[in-house]
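Just below is one structure, and these are the notes that go with it.
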Amino acid sequence: MLVVTGPMLHSADVTPQDGRVARSHRTRAAIVEALVTLLEEGNPQPTVEEIAARASVAPRTVFQHYADREALFAAVSAHREAHLQRLMGTIDAGAPLPERIDQLVAQRRRIFEWIAAVRRGALLMEPFSESVHEALDGFRTAKRLEIARVFAIEIAACPERERATLVAAVG
């Protein structure tokens, strides 16, 4: 005997995913992962052919999914953003100064170890790519804002004309 608990789903409630759409998502993810892997292996500027080979797709397929290298780097940035936010964590701004310093050092170590290889490639592309520049600039801004939040008391104790320089130097 079949017992159903909860509401029944009718065919109008379910949207089947087209196999082509699912395959497209997998291909896009494989291309992004291929680029990240190549960067992490020390290749700061992999070619489309290298990315395609690593993703097990044809070079033409890369450009079918991403209009250009900038679009691909933008996809990598978006893909890594969520994980970066988790790595940032939250530093207790009310903790004693030595604890905040230790927490900041640990936070930055986690972040910089994780982003190092991808960041090298991004820094090379930054002068030529608006999306890469925006992603790196956003990260720089987030680091400075975190410093300003975590060390607000100490920064406020400095002369106003020195505060921005202090935050930039520490950030």
> Do the non-hydrogen side-chain atoms of Arg69 and Ile51 ever get within less than 4.5 Å of each other?
Replying inline: yes

> Leu39 versus Arg120: any side-chain heavy-atom pair under 4.5 Å?
Replying inline: no

Applying the 4.5 Å side-chain criterion to the ILVMFWY set and letting contacts propagate, would [X] and [Y] be lumped into a single cluster?
X: Leu123; Y: Phe139; answer: no
X: Leu136; Y: Met88; answer: no
X: Ile111; Y: Ile147; answer: no
X: Val36; Y: Ile31; answer: yes
X: Leu87; Y: Val105; answer: no

From [X] [atom1] over to [Y] [atom2], what is the distance, rounded to the nearest 0.5 angstrom?
X: Leu124; Y: Ser129; atom1: CG; atom2: OG; result: 12.0 Å
X: Phe151; Y: Leu166; atom1: CZ; atom2: CG; result: 9.5 Å
X: Glu40; Y: Leu35; atom1: CD; atom2: CG; result: 10.0 Å

Any sub-3.5 Å donor-acceptor pair from [X]'s side-chain atoms to [Y]'s backbone N or O?
X: Ser77; Y: Phe73; result: yes
X: Thr37; Y: Glu33; result: yes
X: Thr61; Y: Val57; result: no

> If you draw a 6.0 Å radius around CD in Gln85, do more than 12 non-hydrogen atoms from other residues or ligands fall strictly inside?
Replying inline: yes

>> Salt bridge or not between Glu49 and Arg60? Use side-chain N to carboxylate O under 4.0 Å.
In response: no

>> One thing to verify: whether Lys143 and Glu146 come together as a salt bridge, which I'm taking to mean a side-chain N less than 4.0 angstrom from a carboxylate O.
In response: no

>> Going by the rule side chain to side chain contact (heavy atoms under 4.5 Å, CB included), which residues pair with Leu145 if we only count those two or more places apart in sequence or in a different chain?
In response: Thr141

> Should Arg28 and Tyr66 be marked as a side chain to side chain contact (heavy atoms under 4.5 Å, CB included) after you check the CA-CA gap, both sets of side-chain angles, and the distance that decides it?
Replying inline: CA-CA 8 Å; Arg28 289 176 66 82; Tyr66 298 99; 3.3 Å; yes

For [X] and [Y], work out which heavy atoms get closest and say how close.
X: Ala30; Y: Ala55; result: O-CB, 3.6 Å
X: Arg80; Y: Ile115; result: NH2-CA, 4.1 Å
X: Ala95; Y: Gln103; result: CB-NE2, 4.4 Å
X: Gly42; Y: Pro44; result: O-CD, 3.0 Å
X: Ile155; Y: Arg163; result: O-NE, 3.3 Å
X: Asn43; Y: Glu50; result: ND2-OE1, 3.1 Å

> Could you give all pairs that pass the salt bridge (Lys or Arg N to Asp or Glu O under 4.0 Å) test and reach residues 89-117, with sequence neighbours left out?
Replying inline: Arg100-Glu154, Arg109-Glu113

> What residues, two or more places apart in sequence or in another chain, satisfy ring pair (Phe, Tyr, Trp, His ring centres under 6.0 Å) together with His83?
Replying inline: Trp114

>> Under the side chain to side chain contact (heavy atoms under 4.5 Å, CB included) test against Glu130, which residue among Glu134, Glu126, His133 passes?
In response: Glu134

